[in-house]
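These values consider heavy atoms only, across backbone and side chains, with no hydrogens, waters or symmetry-generated copies. Because the structure is a prediction, the values reported are computed rather than measured. Numbers restart at 1 for each chain; the letters A, B, ... are given by sequence-line order, proteins then strands.
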Number of protein chains: 2
Amino acid sequence: MNQLRDHIERIVPLDDTEFETISSFFSYKKYKKHQFLIQEGALVPCNFFVLKGLLKLVYSDDTGKEHIVGFAQEDWWETDFAAFYTESRATMSLECVEDTEVLCLRLTDYRKLCAAMPQLEHFFLEKAYQGFIAAQQRIISTMTVGIKERYEQLLKKYPTLVQRVPKSLLAAYLGVSREALSRLPR
Amino acid sequence: MNQLRDHIERIVPLDDTEFETISSFFSYKKYKKHQFLIQEGALVPCNFFVLKGLLKLVYSDDTGKEHIVGFAQEDWWETDFAAFYTESRATMSLECVEDTEVLCLRLTDYRKLCAAMPQLEHFFLEKAYQGFIAAQQRIISTMTVGIKERYEQLLKKYPTLVQRVPKSLLAAYLGVSREALSRLPR
DNA sequence: ATTTTTGCGTGACAGAAGTCACATCACCGC
DNA sequence: GCGGTGATGTGACTTCTGTCACGCAAAAAT
């Protein structure tokens, strides 16, 4: 649980009672490989903070092909945010790539916490900015460089992730076919 | 100036003195078509709120080709956010597509405002969430559907924008060549 | 241990998009 | 008005990528 505290304190300082309050709103859960934290079409119960393990956020198109919107490893937050925040049905699914332990935060509890502690709202603001910037850079990357460079940027940015994930999933994240990624000159 | 007030009050309520404080931190500026609000490589002076006109946020790759990261029309915020927020040099440029009037908010003033008024920080949090969700959906759109559908989604989502912008810029926004967009079956 | 599944590379082929070149038309400034 | 610039459509050609099919080795399941 200290993992969460360290994570938050990288952005805003907390005293013991404050963190006590925060942690009381989270619930711990454990999932096994291939289990779903979010099912497409269902309501989104939580925003998830990954303690250990690896998740993939997947969008399935009409032909059934899977596209990976994002991965989440240790100390990352992940959920179908649009659906979570508007309490509507998920358009994506969130699934374990490995056995995974998470802390779950429900929307009502998120609201209570932010109302009670403006510093925490500031924390989430920082996270939102980070997410926005990362997404924008990913868009730029897709538009400007070829597959090879995109794969290299990924290697540079998340070297540990690339080790843990099969290439087929990386391809689905980069937006190309498994074969195209496989054919890259080394 | 009431335009800004209405815009903020769509998310958080304000009384007259509060808005007085807020507006005192913004400065009004007017630019002509083809003028730059942000130059690539320079520091980013402000986050811009568009009162009237149209801007394009552009990333130029090593070959000199221009890729449009985003447009901003009336009531939109735009800047090279990564550079703005970290006070580093811009990797993108922000340029007028039409004559444009904006309100400018400097980073130090942004910080003062947020510190003084938590509600305003909540406003920016909402905006950040909106931006993140929009960026994520754009990523999904690029991965899942072909040019034709992407163009149609754009038409549906921002019909007024498509009227104002030449097709060559729309192509640079969609991430395809001008010719490919021109060759779409109607 | 032996099946089954999963990951990964490769070859062949078709289709989509990029690039280059050219033509037209409308609009703008002088 | 007139020349220049920008916006747009089109054709020819090339390159890249997706798709389908196959083979093989390692890992997982029984």
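- Below the 3.5 angstrom threshold, one finds no donor paired with an acceptor across the side chain of A:Glu179 and the base of C:dC8.
- Checked against a 6.0 Å centroid threshold, the rings of B:Trp77 and B:Phe124 count as neighbours.
- Contact check for B:Glu66 versus B:Lys56: side-chain heavy atoms found under the 4.5 Å cut-off.
- Checking D:dA7, D:dT17, C:dG9 against every side-chain atom of B:Pro166, the shortest atom distance belongs to D:dA7.
- In this structure, B:Tyr151 places its OH atom 18 Å from C1' of C:dA17, rounding to the nearest Å.
- Atom NZ in A:Lys167 sits about 15 Å away from atom P in D:dA27, given to the nearest Å.
- At a threshold of 4.0 angstrom between heavy atoms, the contacts of A:Lys148 with the nucleic acid are absent.
- Because its NZ or CZ atom is both nearer than 6.0 Å to the ring centre of B:Tyr173 and within 45° of the ring axis, B:Arg138 counts as a cation-pi partner of that residue.
- Distance B:Leu181 CG to D:dT10 P: 13 Å, rounded to the nearest Å.
- The aromatic ring centres of A:Phe49 and A:Phe26 sit 6.0 Å or more apart.
- Under 4.0 Å is where a charged nitrogen must lie from a carboxylate oxygen, and between B:Glu87 and B:Arg111 at least one such pair does.
- In this entry the distance linking NZ of B:Lys33 with P of C:dC27 reads 12 Å, nearest Å.
- Residue B:Lys65 is classed as a sugar-phosphate contact, given heavy-atom separations below 4.0 Å to backbone atoms only.
- In this structure, A:Asp61 places its CG atom 13 Å from P of D:dG18, rounding to the nearest Å.
- Computed from coordinates, the B:Glu98 CD to C:dC28 P distance equals 13 Å when rounded to whole Å.
- Protein atom CD1 of B:Ile147 is 6 Å distant from nucleotide atom P of C:dG18, rounded to whole Å.
- Salt-bridge formation is detected for the pair A:Arg5/A:Asp16: a Lys NZ or Arg NE/NH1/NH2 atom is positioned less than 4.0 Å from an Asp or Glu carboxylate oxygen.
- Considering every non-hydrogen atom in both A:Gly53 and A:Arg164, the closest pair reads O-NH2, 3.1 Å.
- Using a 4.0 Å cut-off on heavy atoms, the residues of residues 168-178 of chain A that approach DNA chain C are A:Ser168, A:Arg178, listed by number.
- Within 3.5 Å, a donor on the side chain of B:Arg183 pairs with an acceptor on the base of C:dT19, or the reverse.
- Taking atom CE of residue B:Met143 and atom C1' of nucleotide D:dG18, one finds them 16 Å apart after rounding to whole Å.
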